[in-house]
2 protein chains.
Amino acid sequence: MVPRLAPRWPVSLFQWRVACTPGAFVQQRTWAGASRTPSWGRLHGVASISPRVRRGSSSASSQAPEVVLTCERYPVRRLPFSTVSEEDLAAFEHIVPRRVITDPEELEASNVDWLRTMRGCSKVLLKPRTSEEVSHILRYCHEKNLAVNTQGGNTGLVGGSVPVFDEIILSTALMNQIISFQDISGILVCQAGCILEELNRYVEERDFIMPLDLGAKGSCHIGGNLATNAGGLRFLRYGSLRGTVLGLEVVLADGTILNCLTSLRKDNTGYDLKQLFIGSEGTLGVITAVSILCPPKPRAVNVAFLGCPGFAEVLQTFSTCKRMLGEILSAYEFMDAECMQLVRQHLHLTSPVQESPFYVLVETSGSRMEHDDEKLSSFLEHASSSGLVTDGTLATDQRKIKMLWALRERITEALGRDGYVYKYDVSLPVDRLYDLVTDLRARLGSKAKHVVGYGHLGDGNLHLNVTAEAFSQSLLGDLEPYVYEWTAGQRGSVSAEHGVGFKKQSVLGYSKPPEALQLMQQLKALLDPQGILNPYKTLPTRA
Amino acid sequence: MVPRLAPRWPVSLFQWRVACTPGAFVQQRTWAGASRTPSWGRLHGVASISPRVRRGSSSASSQAPEVVLTCERYPVRRLPFSTVSEEDLAAFEHIVPRRVITDPEELEASNVDWLRTMRGCSKVLLKPRTSEEVSHILRYCHEKNLAVNTQGGNTGLVGGSVPVFDEIILSTALMNQIISFQDISGILVCQAGCILEELNRYVEERDFIMPLDLGAKGSCHIGGNLATNAGGLRFLRYGSLRGTVLGLEVVLADGTILNCLTSLRKDNTGYDLKQLFIGSEGTLGVITAVSILCPPKPRAVNVAFLGCPGFAEVLQTFSTCKRMLGEILSAYEFMDAECMQLVRQHLHLTSPVQESPFYVLVETSGSRMEHDDEKLSSFLEHASSSGLVTDGTLATDQRKIKMLWALRERITEALGRDGYVYKYDVSLPVDRLYDLVTDLRARLGSKAKHVVGYGHLGDGNLHLNVTAEAFSQSLLGDLEPYVYEWTAGQRGSVSAEHGVGFKKQSVLGYSKPPEALQLMQQLKALLDPQGILNPYKTLPTRA
């Protein structure tokens, strides 16, 4: 892409636009009149000092305290599954030769979740390469009553990806082959263990993009994305995986391979079985391959990072965006001042705009640069002249766009460095979205280090996070069921996109009626009668 | 909307643009150099003589021959359900007072499908107004082993909406209340019996549109759209109902009301049960209410109707469209010359462009008129100068856009007037899409009146239709399994969007593996153990 104008945007837009050469910093002017050091330089400097931590790597945990065993922290009892024997290990060695991991050190990273709040005690990790191998493994486990925990990039936030007790870990890490890509239609077919960022790179080289993007992209597997029905940063524009996923291959609990891996945009031949597995967190089957529709790569991408004086203005700015940017609006994210403070404190990233109570990130993606520029300029002019926005900066080249996105995407990481994190991920009517943060802040007072709110405002999705020095049952008591009851009072969802996993299974009833929970249990019993697939997750465990 | 420029587009675009006043015909010039009568006038004149036939009305059938009973035409045996007794009728009268229809004349329209190829012999039709009434009806039928055929607008094309024998018809016609509409988010909640066109009118007044549109919009019910997972004309832009439907209320076979009628864009609290019912054609439950996300009403809509010299050019024009129109492309439909001939012959609609082997309809929907105009002009200039397109006309005001759409949307109606119609609705790789039509034309020779191909090329969806004077088993033998085998050979779908209904249940195996069919049967057995919901449909009947 040709480097483009990338200024801090002034009141009279375009007037200050300065061409930049690749790699050079950009001359900036604040339209808000504040005199400040150009902030791109600082941002860039920091980015090179503190490279992005990949989720799933151990870099965040080198000096972290030991993680308590899940079965010690939570009241959970092991179900009567068999225990892995030497005979079982020999059988696995036969199915996946030299890919049976029993070394405790190697198993450590797979037994502990990314947030370091859960620890299982699995003794064996298997690394199949093909669906047939997965099928053999599951058939064996089904016969022997062995429990299985499927694991992708282990980037989940609700304890769904790690064993609770000694479940066998079935890793998709070696199932990372691209099967096909159709250049005309943009349909990608690949194995479940492909890493999202690598897939995106692959399709970008062919002028497409993946229809989803999220902070954990450097580690998460596409199979895991589907198993958890990941939402993420492109949801506003490209919609749910339930629409963009065209086909799946799944191995059922008894080893049956269910091949629904078609690449058709429309297919109404019977019930849409793939939908059962999207979002079921590995409890109904193991996703082994995926067919997904990739949108064309936009020719022009712009990101504006704006400061707003209040949440009412965040909402009004969103309405204005939708009206004035229309079909090119591709993301509308918000974060509060405390998020920015944590990102600054723990990751040394600096805000590119004046300190504000709220910040929003607006992304546009379109097919014709000059049209997008015009739409964006009109919007920014309106937003600033009407007082919705008090300061802002605009990025139009790839490197600076990444820097602005980092401010939003790395909040999770900054929170992790602040202490123990109580995470909530709720859907609410947008006009009440931030009230939950305010109410909770007042309720907790000094008991919490930080109470922050950020998220995908365009989708009505709030990430509410509370940090403390360490896990405390008392603080948990202040948080729950308060947060869930508050959400249920607004007919919201107690899990918008992170899923249920281990941590949220007991709270489904706040968002789903008993009849729905009963039907879910019936589906589980139909597809996995022995309950060997990812036990203790998603649905309340039946004794 | 202010009336806009609406010319027939010349080689040097815009140069010929002539402002039009509301209701006036538009001055047109052909850029292809042919001298022809301005065609808008003709189109308009015809439209007022021959108003659109609403699907489900009997206007198309006044002089049509009697429809043979389904059980006489097809080899199907009645399952051992109870027969409706006087006692049952009294019970229904208690549940839905004065809404129990037993008059044979009134029942006629509901016993026969819109295509007039199937006839049931139901003796009673019930018209509930509420989900509770539906629940009472189903609980009663479940207890008494009475079969139930849910019916919306009865516009289906695969015999899914009419009884096969004497099933009780459960009509959603009186469940037509809008429950709520959120002006900020565009989320509509309504009962299942609302007519699509009326919903679209309702949300258009509030600056939104329905995310789906189809030829039968004047009669079809939103509940039926969901039950059949309708695709239609806006699929290319707004995607599948599996992404845009946010919530459902469903009554299960035993009368249980499953309320998943939330209005959240994201909700990952357990399995997404609503997906089970979308596309299951009333065989797993009765959809009683719907929550659906409506996109903002585009400020600028343009439709170009183009003539292409060959199918290769139809494909190339599509690629060019995607590249040059990007995010504003909202439909790409094609029809062959025989379609145009039938529309002319039976509906007296005239082509607005020179006779061509193929025609395409390109629609753009965007937020800024001048930007869309520029994109479209560049595209049309390129398409004409490169020979992809040999003639074309452009409509930018509502009335003329409707006229162009009528050429495409009324093909089904024209086919119906041509004789008995053998309908196929398949998904295929786009580059092989039209080969099936050509192959079949050669195969059938003079045995068929017409073999035509049209459809949603942008979605890889071909509507293949064969007409004959009357139904003939011999012609059917030439068509099937040939069409299905041809489609399976391309890994296509034997039912892209019309569904399975009664007519396609035996051919699912061409697009789905045995493991998938078995799981579908298990789901049916779980949700409707007695099989009372829409029997003989969707899945092969188990004796």
Side-chain angles (χ1 to χ4, degrees), chain A residues 184-185 228-229 231 235 239-240 242-243 256-260 262 264-273 275-276 279-280 296 319 322 326-328 366-368 371 375 427 430 459-461 491-500 508 511-513 515-517 519-520 522-523 526 538-539, chain B residues 184-185 228-229 231 235 239-240 242-243 256-260 262 264-273 275-276 279-280 296 319 322 326-328 366-368 371 375 427 430 459-461 491-500 508 511-513 515-517 519-520 522-523 526 538-539:
Chain A
I184 299 175
S185 58
T228 57
N229 188 30
F235 188 98
S240 162
R242 299 193 177 278
T256 301
I257 297 179
L258 186 69
N259 184 345
C260 294
T262 49
L264 305 164
R265 288 207 65 177
K266 288 179 175 175
D267 180 16
N268 272 352
T269 50
Y271 310 149
D272 190 3
L273 299 177
Q275 301 291 345
L276 275 172
S280 65
S319 292
K322 287 204 291 184
E327 61 279 0
I328 63 165
S367 61
R368 199 144 147 180
H371 291 168
K375 288 188 179 88
S427 277
V430 283
D459 314 320
N461 184 181
R491 295 208 69 191
S493 168
V494 293
S495 183
E497 61 172 10
H498 291 171
V500 181
L508 287 194
S511 296
K512 289 286 157 66
E515 298 80 13
L517 295 178
L519 182 50
M520 290 182 203
Q522 289 174 313
L523 290 170
L526 173 68
T538 310
L539 302 182
Chain B
I184 299 176
S185 59
T228 56
N229 189 29
F235 188 97
S240 161
R242 298 194 178 278
T256 301
I257 298 179
L258 186 68
N259 184 345
C260 295
T262 48
L264 306 164
R265 287 207 66 178
K266 288 180 177 175
D267 180 16
N268 273 352
T269 49
Y271 309 149
D272 190 3
L273 299 177
Q275 301 291 345
L276 275 172
S280 65
S319 291
K322 286 204 291 185
E327 62 279 359
I328 64 166
S367 61
R368 198 143 147 183
H371 290 167
K375 288 189 179 88
S427 278
V430 283
D459 313 321
N461 183 184
R491 295 209 69 191
S493 168
V494 293
S495 184
E497 61 172 10
H498 291 172
V500 181
L508 286 195
S511 296
K512 290 284 157 69
E515 298 80 13
L517 295 178
L519 182 50
M520 289 182 203
Q522 289 173 313
L523 289 169
L526 173 68
T538 311
L539 302 182

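By convention in this document, chain letters (A, B, ...) are assigned in the order of the sequence lines, proteins followed by strands, and residues within each chain are numbered from 1. Everything numeric in this text was worked out from a predicted model, so none of it was measured.
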### Message
Please report the interatomic distance CG(B:Leu517) to CD(B:Gln522), rounded to the nearest 0.5 Å.
### Response
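It comes to 11.5 Å.
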Backbone of [Y] reached by a side-chain donor or acceptor of [X] within 3.5 Å:
X        : Y        : answer
A:Glu327 : B:Ser367 : yes
B:Lys512 : A:Thr269 : yes
B:Asp267 : A:Ser427 : no
A:Asn268 : B:Asn229 : yes

Closest-packed option against chain A by number of heavy-atom pairs under 4.5 Å, given [options]:
options                                : result
B:His498, B:Glu515, B:Lys375, B:Lys322 : B:Lys375
B:Thr538, B:Thr256, B:Leu519           : B:Leu519
B:Ser319, B:Gly366, B:Pro296, B:Gly460 : B:Gly366
B:Gly231, B:Gly279, B:Ala516, B:Gly243 : B:Ala516
B:Ser280, B:Ser185, B:Gly239, B:Ser240 : B:Ser280
B:Ala496, B:Cys260, B:Gly326           : B:Ala496

Under a 4.5 Å heavy-atom cutoff, which of [options] has the most pairs with chain B?
options                                : value
A:Val430, A:Leu258, A:Asp459           : A:Asp459
A:Thr262, A:Val494, A:Asn259, A:Leu273 : A:Leu273
A:Val500, A:Leu264, A:Ile257, A:Leu508 : A:Leu264
A:Arg242, A:Arg265, A:His371           : A:His371

#### Entry: Interface moiety of B:Asn461 toward chain A, non-hydrogen atoms closer than 4.5 Å
side chain
### Query
Side chain, backbone, both or neither: which part of B:Leu523 has an atom under 4.5 Å from a heavy atom of chain A?
both
### Task
Measure across A:Ser493 and A:Ser511 and return the closest heavy-atom pair with its distance rounded to 0.1 Å.
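Minimum heavy-atom separation between A:Ser493 and A:Ser511: CA-OG, 3.3 Å.
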#### Entry: Note, B:Phe235 side chain near B:Glu497 side chain (heavy atom, < 4.5 Å)
no
### Query
Do B:Leu539 and A:Tyr271 come within less than 4.5 Å of each other through their side chains, counting heavy atoms only?
yes
